[in-house]
Chemist: 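To start, I am sharing the structure in question, which I have written as structure tokens.
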Amino acid sequence: MPDLQTYFARAIEAAIRELGVPDPPEVVVEPSAVSDAGDYSSPVAFRLARELRRSPREIAQELAAGVSRRPPAHTREITVTGGGYLNLRIDFSSYAPQVIAEALRDPMLLEPDPLAGVKVVVEHTATNPNKAAHLGHLRNACIGDTVARVLRARGHQVEVQNYIDDTGVQVADVLVGIRHLGLTPAPGEPYDRFCSRAYVEVCRRYEADQELVELRRQTLRAIEARDGEIATAAKELTSRIVECHLQTMARAGVGYDLLTWESDIIELGFLRHALDMLLERGVMRKVEQGRLAGCWVLPLDEGSDDDDPEQGDAKVLLKSDGIATYTAKDIAYHLWKFGVLGLDFHYRSWADGGPATSTADPQLATLDPARFGRAGEVVNVIDQRQSAPQRVVKEALRRLGFVSQAEDLLHLAYEVVALSPAAAGALGVDVSEGKSMYALSGRQGIEIGADALLDEAQRQVQAKAKDEATAAALAASAVRYYLLRFGLNSIITFDFGEALRTTGDSGVYLQYAHARACGVLQRVEPLPVPETAPELSVEERELVKLLASFPRAVAEAAESLSPSSLAGYTYRLATAFSDLYEHTERLYRVDDHAVRGLRRALIDATRATMANALTLLGLQPLARI
RNA sequence: GCCCCUAUAGCUCAGUGGAUAGAGCGCCGGCCUCCGGAGCCGGGUGCGCAGGUUCGAGUCCUGCUGGGGGCACCA
């Protein structure tokens, strides 16, 4: 059920209607900025002043009278302060027991999302399967994973897809290194690290070796022909790398429902069929002359089209050599995601306990196709640099007549991870230019490997963790929280010290708060919770309010697709608990059964809510460290 | 040239048009440990510049300046 903040807003809205305002403005209610004023406050009277031609103060007073006639449950008093703020003070004696009971029963309780039941396909990770995942890929995966968790918590049916771009040129690069430069893994070298190394080496040699560039072209053609020894080698390489990626991401708590392979999109004719649709419906057309002569394109500046394909923007879908661009494949993929392509993959399990995967081979199919795709809404977690091609996919859907699908296709853009000068310098990058940040580059080997960072984090917490598994969970918590606490529009300028910090606003601090709560609960036996709470301390009251607002925090994170807002909530909850822990008498010394019973239940409710918040963030709650 | 993001404390970042702009890190001092300091408390006039809208602007609009990214027959 909604919290008192929500009920207060509703009560105010009702009071506004009673004043004869048929269409009230949105009633904003927030925690009171001035704690003396109350617990929740609304400035809505200021908005109404113009329309009603009366002073905000006067309006607020009438609204206060209106709300007071039918106050929400657990209201202690309604007041007016300042120039016209309308405030509610909570009656904690009845509110606290209720909030605690609800937090322990089902912390996700909230009015259902009106969109609940809509199937949402979330695509994230989509790391090229030719090298080890680095920190940028990990940020993508953590964002996508938490978005998926939060949407599920709000009642959506969510399917997480990881798109495997296994027919791209980057795969060819590594194959060239293996087949033509004779590169092999060093003893004990993980396969994905080896491929990263091979990729860097090949890219370095292209500059001076035209023959090698030609070999890349031939290798790519062979892969695209989907036949022969090279294609088989490519399939094996990409499969092994995908397995590495799955293991890396699993360390950070990230999982998938379905792997979708680009090679299957081609083999099963998705691409051909999509191109036919684009052609038949006049969305794509051939350019006869000019710089794009021989290409099939999607014209981008509407209105000024026809006649002069030489002018203006156009996105190439089929190159003059007949090879489709990535965007063309992405259009086909998205038609499939929405279930409007008219074709389907075959499906099998990737491995025991692993995700499902697409396959082009009907003989291998073991899973029901009806389970997959057919999205009502699509969220693509892709970095901000790909905004332009994402717009093209959306526009293509719209022009094909899939207008609602185009509207329900959302590019969840986020900024990249870059390196601080210190971190870049440590990797051997020349930082004499004095730039404030340096870009990651897998091609140049300028990167922080996801596994390497998790290893380093684990090494640093090892000494203080009770065992290996705990250290691993703490390390993942530190890294994952670091990647989630930044807003999506913020470039993370990676810094080792900041990422692996265990104090303050960090994943380890959150774990510590949770473990502490568990420690208290273990030491003190539960007692009955009094129906009417005794006088609460200021720390207890703050905690009750925060617990009550958890569903609201989850809803907000879901609506704005913003993991960082949930991270912020979780941190506030942890600090509120630490505050209580520090500033109230130790629970085992409290003799008053009412105080003890209520506070123990409050701490239990905090533990439960912390555990739920941590889980949504993808951190495994630890009862002991 | 056009488009997108961005500018808040020494540093890294929060901040749905509402009251006195907050955290963390670092630094100094103190407290204490129901989890073992990964804890708590104290020490702070900082919203790039100039206009505008508004009862009210860090938040919205315009312009300027600085930073990042994008506009390939790459993915």
Chemist: Can you find a donor-acceptor pair, distance only, under 3.5 Å between Ser41(A) side chain and A19(B) base?
Modeler: yes

Chemist: For atom C1', what is the distance between A21(B) and U16(B), given to the nearest Å?
Modeler: 16 Å

Chemist: Within this structure, what is the CG-to-C1' distance between Leu622(A) and A38(B), rounded to whole angstrom?
Modeler: 12 Å

Chemist: Within less than 4.0 Å of OP1 or OP2 of C25(B), is there a side-chain N or O belonging to Thr503(A)?
Modeler: yes

Chemist: Side-chain N or O of Asn128(A) less than 4.0 angstrom from OP1 or OP2 on A75(B)?
Modeler: no

Chemist: Between A38(B), C25(B), U12(B), which nucleotide has the shortest distance from any of its atoms to the side chain of Val508(A)?
Modeler: A38(B)

Chemist: Sort out the partner of G42(B) for me: Watson-Crick or G-U wobble, both distances under 3.5 Å, none otherwise.
Modeler: C28(B)

Chemist: With hydrogens left out and only the distance checked, is there a donor-acceptor pair under 3.5 Å joining Thr81(A)'s side chain and the base of A19(B)?
Modeler: yes

Chemist: Measure the distance from NZ on Lys131(A) to P on A75(B) and round it to the nearest whole Å.
Modeler: 14 Å

Chemist: Return whichever of Ser490(A) or Gln170(A) has its heavy-atom-nearest nucleotide of RNA chain B closer to the 5' end.
Modeler: Ser490(A)

Chemist: According to the Watson-Crick and G-U wobble definitions, with both distances under 3.5 Å, which nucleotide is paired to A23(B)?
Modeler: U12(B)

Chemist: Map Lys464(A) and Val29(A) onto RNA chain B by nearest heavy atom, then report which one ends up closer to the 5' terminus.
Modeler: Val29(A)

Chemist: Any donor-acceptor pair, under 3.5 Å, between the side chain of Ser320(A) and the base of C73(B), if you only look at N and O atoms?
Modeler: yes

Chemist: With a cut-off of less than 4.0 Å, is there a side-chain N or O of Tyr509(A) near OP1 or OP2 of C40(B)?
Modeler: yes

Chemist: Which nucleotide in the list A14(B), C73(B), G39(B) gets nearest to the side chain of Glu582(A)?
Modeler: G39(B)

Chemist: Ring-plane angle category for Tyr482(A) and Phe486(A), please: parallel below 30°, perpendicular beyond 60°, tilted otherwise.
Modeler: perpendicular

Chemist: Figure out the CG/P separation between Leu220(A) and C73(B), and round it to whole Å.
Modeler: 17 Å

Chemist: With both distances kept under 3.5 Å, what pairs with G63(B), Watson-Crick or G-U wobble?
Modeler: C49(B)

Chemist: Hey, is the side chain of Arg291(A) poking within less than 4.0 Å of OP1 or OP2 on C73(B), counting only N and O atoms?
Modeler: yes

